[in-house]
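Here the structure comes first, spelled out in C-alpha cells, and everything after it is commentary.
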2 protein chains.
Amino acid sequence: MSKLSKRQEIIQQAASLFRKRGYSSTSVRDIAREIGMEASSLYNHIRSKQEILNELMLNVAHSFSNGMQSIKEAPLNPLQKLERLVSLHVNITINEPDAVALIPNEWIHLETQGIQDFLSLRDQYEKDFKQILQDCLDQGFIKPVNIELASFSILSTLRWLYSWYSKNQNVNVIELEEEMKKCLIQGLAK
Amino acid sequence: MSKLSKRQEIIQQAASLFRKRGYSSTSVRDIAREIGMEASSLYNHIRSKQEILNELMLNVAHSFSNGMQSIKEAPLNPLQKLERLVSLHVNITINEPDAVALIPNEWIHLETQGIQDFLSLRDQYEKDFKQILQDCLDQGFIKPVNIELASFSILSTLRWLYSWYSKNQNVNVIELEEEMKKCLIQGLAK
DNA sequence: GACTAAAACTAACACTTGTTAGTTACATAT
DNA sequence: ATATGTAACTAACAAGTGTTAGTTTTAGTC
C-alpha cells in the first residue's frame, strides 16, 4: 500500500486540477479544498503555487529527456529508435497523464528560470527527434519526405496522445504501442 | 485600407493576448491597455470578457463546420475530400492563426451555452472527418489502418499546424498544402 | 453655435487571488 | 508527564479581478 507524502498528494491533485481548468484558473484554495485542508496549510509543504507547476513540468520534461538519452545511446538502427520513441511517449503518457497533459500549453505560466529550463529541454528533445528521423532517411529506412514536417506531425500526434488515452483507457498498452507505430511509422517506411 | 470596427479591433487584440497568455491570465485591463483605452470603455463595445471568447471560438468553429459541409457535398472521391480537408485547415490557420490557436485548450473557459455549442460542433466535425477516412478505406483508396487512430493522428497534426506556421511564416502556402498532403495522406495511400 | 448620440473617462463595487503571521492541535521521543 | 517539531488552523494583507454607475469628451447634423 503506497502512501504518498502530503507534498506528493498536493502536487498530484494540483496536476489534475491544472489539467481540467488550467493553471491560472486553479486557485490554491481549490487545491486545498480537494485535499481537505485550508489553503494556508499547503504552505507547510510547498513554497508557492508556482513551485508546484515547476516541479510538475520539469519532472515530466526530464522523463522525456532521459528516455531520449537512453534511446540515442542504444545499439539500434534509427528505425528501431523511432519505434522506441513511440513506446517512450506511450509509457510516460500512461504513467502520468495529468502532467503530460500540461506540456503543450501550461508551460507559458512558468516563470523565468523554469521556463528557460523547460524550453531548453524541449528544444533539445525536438532536435534529437529530428536527427533520428534524418538518420532514418539517410540510411534509406524511410521514403524521401520533408523532415521538418514529418517530425512535427509525429510529435503532434504523440503530444496529444493523452487526450486520446483519456477517452480510451480500456485499450491494451502493448496494442496501443503497436497501432501507433503502424500508424506513424509504417506510412513512412519504404 | 480596411478600417476595423472598434469591436473587431478589441476582439482581435484579445485573441492575440489569449493566445500568448491564455484566457484566464488575460485581464480586461490588459486588453484595454493594448488598444489604448480604459478597461471600462471596452464595455461600450462588448458585453463581457466571456462574450469575446465566445465570439472567437464559435466563429472559428463555424468556419471549420461550414468548410466541412462544402467538402462533404462536393462531387469528389473520398481521397480528394481528404486533400480538401487539409487545404481547409491550412487556409483557416493562415487567415486567423490566433483564433485557431485557441481551439485546442481555451474552450474549457467557455461557459454553459458556448461550451455546449462548441463541443457539439467539434464532435460533429470529428465524426464527419472519420467518416471520410472510413470511405477512403471502404473504397480502397488507403491501406488498412485503424480509423480511430489515423484520424486522431491527422487531426492532431492539423490542430497544431498554427504553432508550426508561427515559426515558418515565410513558407509558401501552396507548397505547405502540398507538403502536408504528402506527409499526412501519402503515407496512407495505397 | 446648439443638439444628440457614441464612446471615452473617473471612481468605485464586491469578490478573489497568493501569501504571511501568529496560534493551536497532534504525534513522537524522552 | 514533558518537551519538541510538524502540520493544521484563523485572520488578515495587498493587489488584482470583471463589471457598473455616473460624468465628460468627442464627432457629426441641423
Side-chain angles (χ1 to χ4, degrees), chain A residues 1-58 102 105-115, chain B residues 1-58 102 105-115:
Chain A
M1 160 161 107
S2 76
K3 207 162 136 216
L4 247 30
S5 82
K6 207 82 187 198
R7 180 165 217 270
Q8 285 311 309
E9 190 189 343
I10 291 168
I11 290 178
Q12 284 220 162
Q13 270 297 347
S16 164
L17 289 173
F18 291 169
R19 176 182 181 175
K20 254 184 288 195
R21 314 181 195 164
Y23 174 77
S24 230
S25 300
T26 303
S27 72
V28 291
R29 285 170 179 84
D30 291 335
I31 301 170
R33 187 178 315 116
E34 210 74 16
I35 302 203
M37 55 163 73
E38 293 299 316
S40 54
S41 305
L42 295 177
Y43 287 80
N44 286 319
H45 307 277
I46 56 155
R47 233 179 294 276
S48 67
K49 181 188 174 189
Q50 174 70 202
E51 190 194 40
I52 301 177
L53 185 66
N54 225 293
E55 178 150 337
L56 279 168
M57 306 278 310
L58 286 172
L102 304 179
N105 293 276
E106 301 302 317
W107 62 268
I108 62 173
H109 298 113
L110 288 169
E111 284 164 15
T112 47
Q113 187 57 242
I115 207 172
Chain B
M1 153 163 114
S2 77
K3 208 163 133 214
L4 247 30
S5 82
K6 207 81 186 198
R7 180 165 217 273
Q8 285 311 309
E9 191 188 344
I10 291 169
I11 290 178
Q12 285 222 160
Q13 271 297 348
S16 164
L17 289 173
F18 290 169
R19 177 184 181 175
K20 255 185 288 196
R21 314 181 195 165
Y23 174 76
S24 226
S25 300
T26 303
S27 73
V28 291
R29 284 169 179 84
D30 290 335
I31 301 169
R33 186 178 315 116
E34 210 74 15
I35 302 203
M37 56 164 71
E38 294 299 317
S40 54
S41 305
L42 295 178
Y43 288 81
N44 286 319
H45 307 279
I46 56 156
R47 230 178 296 273
S48 67
K49 182 188 174 190
Q50 175 69 203
E51 189 195 39
I52 301 178
L53 185 65
N54 225 293
E55 178 151 337
L56 279 168
M57 305 277 311
L58 286 172
L102 304 179
N105 293 274
E106 301 302 317
W107 61 267
I108 61 172
H109 297 114
L110 287 169
E111 284 163 15
T112 46
Q113 188 56 244
I115 206 171

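A note on names: the letters A, B, ... follow the listed sequences, proteins ahead of strands, and every chain is numbered from 1.
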- Sugar-phosphate only, base, or nothing, as touched by B:Ser24 at under 4.0 Å among non-hydrogen atoms: nothing

- Message: Expressed as a whole number of angstroms, how long is the span from A:Leu42:CG to D:dT6:C1'?
- Response: 15 Å

- Could you check how far OH of A:Tyr43 sits from P of C:dG22, rounded to whole Å? 18 Å

- Message: What is the distance, to the nearest angstrom, from the CG atom on B:Asp30 to the P atom on D:dT17?
- Response: 6 Å

- B:Ser48 (side chain) and D:dT19 (base): donor-acceptor pair under 3.5 Å: no

- Taking 4.0 angstrom as the limit, do A:Arg47 and A:Glu55 come out as a salt bridge? no

- Take atom CD of B:Glu38 and atom P of D:dA21, then tell me their distance rounded to the nearest Å. 19 Å

- Task: Select base, sugar-phosphate, or nothing to describe what A:Ser25 touches, counting heavy atoms under 4.0 Å on all strands.
- Result: nothing

- Message: Is B:Lys6 close enough to C:dA8 that one of its side-chain N or O atoms is under 4.0 Å from OP1 or OP2 there?
- Response: yes

- Query: Is a side-chain donor-acceptor pair under 3.5 Å present for A:Asn44 with A:Ser41?
  - Reply: no

- Message: Looking at B:Arg29 and D:dG16, is any side-chain donor or acceptor paired with a base atom of the opposite kind under 3.5 Å?
- Response: no

- Query: Just to confirm, is there a sub-4.0 Å distance from OP1 or OP2 of D:dA7 to any side-chain nitrogen or oxygen of A:Ser41?
  - Reply: no

- Query: Rounded to the nearest Å, what distance is computed from the CD1 atom of residue B:Ile46 to the P atom of nucleotide C:dA6?
  - Reply: 18 Å

- Message: Distance check needed: C:dA8 P versus B:Arg33 CZ, whole Å only.
- Response: 17 Å

- Task: From the options A:Ile52, A:Leu17, A:Leu53, select the one residue that forms a side-chain contact (heavy atoms from CB on, under 4.5 Å) with A:Thr26.
- Result: A:Leu17

- Query: Can you check whether A:Lys49 has a side-chain N or O nearer than 4.0 Å to OP1 or OP2 of C:dT17?
  - Reply: no

- Distance-only donor-acceptor test (3.5 Å): side chain B:Asn44, base C:dA8: yes

- Item | Whole-Å gap separating P (C:dA7) and NE2 (B:His45) | 5 Å

- Note on the structure: Side-chain atoms of B:Ser40 come closest, of D:dA7, C:dC9, D:dC9, to C:dC9

- Item | Nucleotide nearest B:Met37 when distance is taken to its side chain, options D:dG18, C:dT19, C:dA8 | C:dA8

- Query: Over how many whole Å does the gap from B:Ile52 atom CD1 to D:dG18 atom C1' extend?
  - Reply: 11 Å

- Out of B:Lys49, B:Glu106, B:His109, B:Gln50, which one pairs with B:Tyr23 under the side-chain hydrogen bond (donor to acceptor under 3.5 Å, both in side chains) rule? B:Gln50

- Query: Side-chain contact, heavy-atom cut-off 4.5 Å: A:Leu42 with A:Met37?
  - Reply: yes

